[in-house]
Amino acid sequence: MHELTKLIFDDMKPALGVTEPGAIAFAVSTAKSRVPGAVRQISLRLNSGMYKNAFTCGIPGTSQVGNEYAAALGAIAADSKKGLECLDGITEDQVREARQMIADGKVRVSMSEITSRIFIEAAVTTDTGSSSVTIRDSHTNIVKIVENDRTILEKADEGEQENAMPPLIHRYTLEQLLSYVREVPLEEIQFIQAAHTMNYKLMEEGLESPRTTFSRCLLDENGGSIISEDEQKTASLLCSAAIEARVIGLSRPAMSITGSGAHGIIATMPLYAACQVRGHSEEQLLRATALSYLICMYIKEYSGRLSAFCGCAIAAGTGMACGLTYLRGGMEKEMEYTINNMASSITGMICDGGNQGCVMKGVVAVDAAYRSVDLAMKGVHIDKVHGVNGNTPEETMRYMGLIASPGMVGTEKTIVEILEHKSSGH
């Protein structure tokens, strides 16, 4: 297996609901599983991105939102063995129990620091003892477990090691990524098909639910058909209906990439739509999706997993745009033009948490991608001398990431302050 194939394979994971509530519930559930008895207190510390992304995010299978409910349900109902799908099968009785736990002041949530680096510290105290779990860098990467003041597990902090090797994806150029996508044996990337299947079913769930609104409107705009002759409207519908189903907490998983279901949806669904409308083969779809994933990863390794910019639109959107360029027969030059057009148009889009706004961001990402690709295929592009575009596509993607981290640290602080101001009722 090629190392890039393994990179995609290891990163592609099902996630129920928005990934951050799932990660919070996973951390709390893991801590609770190590100490018996009735819960007296849950204390949760989160980095700014985790705190913000779950702030008003829907909890799967419920009408509840936010960090507190994710934590409470993690202690009451989550199955840590299911990873990011740990909130599957929540009952109304469990929701009522969580509501009471929150009302009784048993759940405390605080922010640790303004950073794009994932951090969760979940401490659970029961009537028999205490346990805490610390997660770093990815949503289920447990780096420390403490039981009754005794450290059971502690990993070295790889993020602070000096002379650390650059991420694997950054050792490749765009030209090399394209060569891999063209040459990798089809059977080696056949597993990617599962992402299209899973995300399509989530999209169908969005169209069937009486709770969705954008999905219905986009369906009407597409002539009442899921697949129409209008490629862009079909792409927008498939993408945004799946995102809406996810952010309101419908009970179907998304196939995530770079730790995000919305990234996974944007990186895949428009490409699936393009193939359905234009009649591209499954092989072309799988190769285009592999490219989409890799470009998304390339940008995200610079921006950080959770930052103040919308990686869904910017990183996954740019990946998806490159996938569309590939499907249209574009070469490295057209890919570079596409990346430049995307970098110059939507790089500044903010992330204000996992919420209904993600649907609108999905709409904008598809619109920007299609316009960027249409222009790039005609040789029309923002020249490398302008703005944040670099001298090479690799440099441009690096600059896109740097705009988020460290560039938007102040923006992240302001977004969190706005969310807290709103929730306080002032």
Side-chain angles (χ1 to χ4, degrees), residues 8-34 44 46 50 53-54 57-95 97-98 118 120 122 124 133 135 137-142 191-206 208-209 211 241-269 293 305-306 312 354-355 358:
I8 296 171
F9 182 83
D10 290 345
D11 201 77
M12 235 179 76
K13 289 183 176 66
L16 185 64
V18 173
T19 325
E20 283 67 52
I24 289 168
F26 169 75
V28 174
S29 176
T30 302
K32 175 63 181 71
S33 71
R34 306 188 76 90
L44 195 64
L46 309 168
M50 184 68 61
N53 274 26
C57 183
I59 308 296
T62 80
S63 58
Q64 305 302 325
V65 301
N67 295 312
E68 287 82 3
Y69 271 95
L73 288 167
I76 293 165
D79 181 357
S80 60
K81 296 184 182 66
K82 293 183 179 180
L84 293 177
E85 295 184 88
C86 63
L87 288 170
D88 188 25
I90 300 295
T91 67
E92 278 302 313
D93 286 344
Q94 290 167 336
V95 172
E97 189 177 346
I118 291 173
I120 305 172
V124 177
V133 166
I135 285 175
D137 297 324
S138 67
H139 290 75
T140 56
N141 181 39
I142 296 174
F191 67 89
I192 291 175
Q193 184 182 38
H196 299 113
T197 301
M198 182 173 289
N199 292 339
Y200 190 89
K201 288 180 178 176
L202 178 62
M203 178 275 300
E204 290 182 315
E205 188 89 353
E208 292 167 6
S209 171
R211 293 172 56 196
I243 293 174
E244 185 170 23
R246 175 178 173 271
V247 296
I248 67 172
L250 299 186
S251 295
R252 268 197 181 276
M255 187 66 80
S256 71
I257 200 75
T258 65
S260 163
H263 283 64
I265 291 165
I266 291 175
T268 59
M269 283 288 92
Y293 280 159
R305 289 272 170 142
L306 297 174
C312 305
N355 55 58
C358 297

Which value, rounded to the nearest 0.5 Å, describes the distance between [X] atom [atom1] and [Y] atom [atom2]?
X: Ser29; Y: Lys81; atom1: OG; atom2: NZ; value: 8.5 Å
X: Asn199; Y: Ser256; atom1: CG; atom2: OG; value: 9.0 Å
X: Leu73; Y: Glu68; atom1: CG; atom2: CD; value: 11.5 Å
X: Ile257; Y: Ile8; atom1: CD1; atom2: CD1; value: 7.0 Å
X: Met203; Y: His196; atom1: CE; atom2: NE2; value: 12.5 Å
X: Ile265; Y: Ile243; atom1: CD1; atom2: CD1; value: 5.5 Å

So does [Y] get a backbone contact from the side chain of [X], meaning a donor-acceptor N/O pair under 3.5 Å?
X: Thr197; Y: Gln193; value: yes
X: Gln94; Y: Thr91; value: yes
X: Thr19; Y: Gly259; value: yes

Closest heavy-atom contact between [X] and [Y]?
X: Ala254; Y: Leu202; result: CB-CD2, 3.6 Å
X: Glu20; Y: Ala54; result: CB-CB, 4.0 Å
X: Val28; Y: Gly74; result: CG1-C, 3.9 Å
X: Met12; Y: Tyr293; result: SD-CE1, 3.7 Å
X: Ile135; Y: Ala23; result: CD1-O, 4.3 Å
X: Ser260; Y: His263; result: OG-ND1, 2.7 Å

> Counting only heavy atoms not in Phe9, do more than 12 sit closer than 6.0 Å to its CZ atom?
Replying inline: no
> Passes side chain to side chain contact (heavy atoms under 4.5 Å, CB included), Ile24 versus Asn67? Steps please.
Replying inline: CA-CA 7 Å; Ile24 289 168; Asn67 295 312; 3.4 Å; yes
>> Applying salt bridge (Lys or Arg N to Asp or Glu O under 4.0 Å) as the test, list every pair that has at least one member in residues 242-268; sequence neighbours left out.
In response: Glu205-Arg252
For residues [X] and [Y], determine if any side-chain heavy atom of one lies less than 4.5 Å from a side-chain heavy atom of the other.
X: Leu84; Y: Thr140; value: yes
X: Val133; Y: Ile120; value: no
X: Ile118; Y: Asp137; value: no

>> Go through it in stages, so that I can follow the logic: the residues are Asn355 and Cys57, the test is side chain to side chain contact (heavy atoms under 4.5 Å, CB included), and I'd like the CA-CA distance, side-chain angles, deciding distance and then a yes or no.
In response: CA-CA 5 Å; Asn355 55 58; Cys57 183; 5.9 Å; no
>> Can you list everything that forms a side-chain contact (heavy atoms from CB on, under 4.5 Å) with Ser251? Sequence neighbours excluded, please.
In response: none
> Which residues satisfy the side-chain contact (heavy atoms from CB on, under 4.5 Å) test with Met198, sequence neighbours excluded?
Replying inline: Pro14, Pro253, Met255
>> I'd like to know whether Ile76 forms a side chain to side chain contact (heavy atoms under 4.5 Å, CB included) with Val95, so could you lay out the CA-CA distance, the side-chain angles of the two residues, the decisive distance to 0.1 Å, and finally the verdict.
In response: CA-CA 9 Å; Ile76 293 165; Val95 172; over 6 Å; no
> After noting the C-alpha distance and the side-chain angles of Val65 and Tyr69, does the key distance pass the side chain to side chain contact (heavy atoms under 4.5 Å, CB included) rule?
Replying inline: CA-CA 6 Å; Val65 301; Tyr69 271 95; over 6 Å; no
